[in-house]
Amino acid sequence: MPDFEPVLTANVDKEDAHRLTVYEAGGGYGTLRRVVGQMSPGDVVQQVQASQLRGRGGAGFPTGLKWSFLPKDHPGPIYLCVNADESEPGTFCNRVLMEADPHQVLEGIILSAYATRASTAYIYLRYEYPLSLQRLQAAIGEAREAGYLGKNILGTDYSLEVRIHRGAAAYVCGEETGLIESIEGRRAWPRIKPPFPAVEGLFRKPTVVNNVETLACVVHILDRGVAWFKSIGVPPEPDNPRDAGSFGPKMFGLSGHVNRPGCYEAPLGISCGELIDRFGEGVWKDRRAKAVVPGGLSTGLLSERELDTPMDFAGPIRAGCLGLGTGCAVVLDETYPILDFLHNSCRFFAHESCGQCTPCREGTAWALRLCQRIRAGRGRLVDLDLLAEIGDTIGVMPGTTICGLADGAAWPIKTALAKFRDELEESIRQTNPQGYARTEPVEALNTP
Ligand SMILES: Cc1cc2nc3c(=O)[nH]c(=O)nc-3n(C[C@H](O)[C@H](O)[C@H](O)COP(=O)(O)O)c2cc1C
Ligand code: SF4
């Protein structure tokens, strides 16, 4: 890893980092003062676009480009939705930012709302984050008192209200249009797109949805400049016109079978193995890694042979995964059965499917039933072919489903089968020595 100065996590270990006085003592809100005094909203959008910042919430969409889709000269209101739902399994870095340094998050929100001309920002906060709620509420109060929020911010004609909306505790609430439905008071059923939120979003008005960490990055781009941001990370692959590069710092999570789980900041492009060894102090109990989920469950699995994969937006794709996702890795040690991983994964997605799309609703439930049957000692080798077929067909994006949940459900299945088929076959032989080679239909399990 090249020399690197953390910025997103620079405050988190300071005593009382969540208080305004501590944030300001470290230069906090200095960027806001400078930007609202000297830059137009269009200039800010241009800077963010030039930085090639890509969203940290999972999809890696270029942030400045998303902002540029907002209709010009719209009479308003325009809304900013801050995606703090953090529902992807294994993911917890937004929580660290909100609990430890809520003013950094707020400064990012205020700057981004200024750029997009949003008059209200809604923080859609994961229900299970009570300390984040407390810290954000207190920070909003302090910022308002200090003139950074509310009417006529810092004496300018720019005004912004920030509201917190507690999430409805489902994975699909983090999908941007499910989130919008939820704020509007309905069940978080994702909407068919187009129209995209930038054109018709919250309350049918132009809306930008961005992740907490994405917005925190905006503070540092505007503070330190585009050249600084682009000096960190990985440029686009020259022979891949679809790769927009992976610039800037990233908060990586590490959990599972590591000695030192936690949230660590590093340049995009650090290898998965270095992340585990340098920050996580290696796999626990002196074991080897069998597999790593690189960026939240929906990204699938890297095998031990693939630990040199760079943790940038393109690296996990080259290694056969969905992508970098949230950058929060989960390590499975050499003793952990892949069948258990597959079962847990299928159980999660079947539970979280909202049920609107047939391939997702039926496919996730069917995959779970197959895993349950294998674990109950009635699996057949052909069940792995069935699972592969489900993985290949439940969520082909874009096209067959309304949102990306089904596609995400497919990657753990596809990668487990592609990379650990021998182990899965052995599990079936062991659990069903009499019937593993059968091909004729097997009675369904009587599960609730
Ligand atoms: C099922 C599902 C769950 C999602 N959950 C989250 C989430 O918890 N947090 C998040 O930021 N993005 C989540 N996303 C991605 C959002 O739809 C959206 O792309 C993101 O908030 C945009 O922000 P960004 O461009 O700053 O990354 C999810 C997507 C899907 C399909
Ligand atoms: S893909 Fe699944 S979660 Fe997404 S809208 Fe369709 S049924 Fe709901």
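Order of listing sets the numbers, starting from 1, for every ligand and every atom in it. Sequence positions, counted from 1, serve as the residue numbers for this chain.
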Would you check if there is a donor-acceptor pair between the side chains of [Y] and [X] at a distance under 3.5 Å?
| X | Y | result |
| --- | --- | --- |
| Trp67 | Asn210 | yes |
| His220 | Gln104 | yes |
| Arg166 | Tyr129 | no |

### Message
As an exercise, state the distance from CD1 of Ile123 to CD1 of Ile140, rounded to the nearest 0.5 Å.
### Response
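So the CD1 of Ile123 and the CD1 of Ile140 are separated by 4.5 Å.
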Among [options], which one has a heavy atom closest to [atom]?
| atom | options | value |
| --- | --- | --- |
| atom 4 (C) of ligand 1 | Ala188, Gly55, Gly296, Gly174 | Gly174 |
| atom 2 (C) of ligand 1 | Glu175, Glu213, Arg54, Glu88 | Glu175 |
| atom 20 (C) of ligand 1 | Asp407, Thr214, Asn83 | Asn83 |

Around [atom], find the nearest protein heavy atom and jot down its residue, atom name and distance.
| atom | result |
| --- | --- |
| atom 11 (O) of ligand 1 | Asn211 ND2, 2.8 Å |
| atom 8 (O) of ligand 1 | Ser87 N, 2.9 Å |
| atom 27 (O) of ligand 1 | Gly57 N, 2.7 Å |

### Message
Could you tell me, atom by atom, which parts of ligand 2 come under 4.0 Å of a heavy atom of Cys360?
### Response
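Per the distance check, 1 (S), 2 (Fe), 7 (S).
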#### Entry: Numbered atoms and elements of ligand 2 in range of Cys354, under 4.0 angstrom, heavy atoms
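Near Cys354, the atoms of ligand 2 are 3 (S), 5 (S), 7 (S), 8 (Fe).
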Pair [X] + [Y], salt bridge at N-O below 4.0 Å:
| X | Y | result |
| --- | --- | --- |
| Asp340 | Arg375 | yes |
| Glu5 | Arg224 | yes |
| Arg117 | Asp73 | no |
| Arg144 | Glu161 | yes |

### Task
Would you name the heavy atoms of Cys173 and Ala188 that are closest together and state the gap between them?
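Scanning both residues, the minimum pair turns out to be SG-CB, 3.6 Å.
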### Query
Looking at Gln356, Glu200, Glu181, which hits side-chain hydrogen bond (donor to acceptor under 3.5 Å, both in side chains) with Arg191?
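Exactly one pass, corresponding to Glu181.
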### Query
Can you list the atoms of ligand 1 that are under 4.0 Å from a heavy atom of Gly404?
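Answer, ordered by atom number: 31 (C).
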### Query
Hey, which atoms in ligand 1 end up nearer than 4.0 Å to a heavy atom of Glu176?
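Going through ligand 1 atom by atom, the ones under 4.0 Å from Glu176 are 16 (C), 17 (O), 18 (C).
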### Query
According to the interplanar angle, ranging from 0 to 90°, do the rings of Tyr124 and His165 count as parallel (below 30°), tilted (30 to 60°) or perpendicular (above 60°)?
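Judged by the thresholds at 30° and 60°, the geometry between Tyr124 and His165 is parallel.
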### Query
Relative to the ring of Tyr29, is the ring of Tyr23 parallel (under 30°), tilted (30 to 60°) or perpendicular (over 60°)?
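Rings of Tyr23 and Tyr29: perpendicular, over 60°.
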For [X] and ligand 1, does the shortest N/O to N/O distance drop below 3.5 Å?
| X | value |
| --- | --- |
| Asn94 | no |
| Asp85 | no |
| Ala59 | no |
| Asn210 | yes |

### Query
Is there a heavy atom in Gln356 that sits closer than 4.0 Å to ligand 2?
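Distance cut 4.0 Å: Gln356 passes for ligand 2.
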#### Entry: 4.0 Å heavy-atom contact, Val209 with ligand 1
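It does, in that a heavy atom of Val209 comes within the 4.0 Å cut-off of ligand 1.
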### Query
Has Cys403 got an N, O or S atom lying less than 2.8 Å from atom 4 (Fe) of ligand 2?
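Checking atom 4 (Fe) of ligand 2 against Cys403, an N, O or S atom does fall under 2.8 Å.
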### Message
At a threshold of 2.8 Å, where the distance has to be below it, does atom 6 (Fe) of ligand 2 have an N, O or S atom of Cys357 nearby?
### Response
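Short answer: yes, at least one N, O or S atom is under the cut-off.
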#### Entry: ligand 1 contact on Lys66 by region, counting heavy-atom pairs under 4.0 Å
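It is the side chain that gets close, since no backbone atom is under 4.0 Å.
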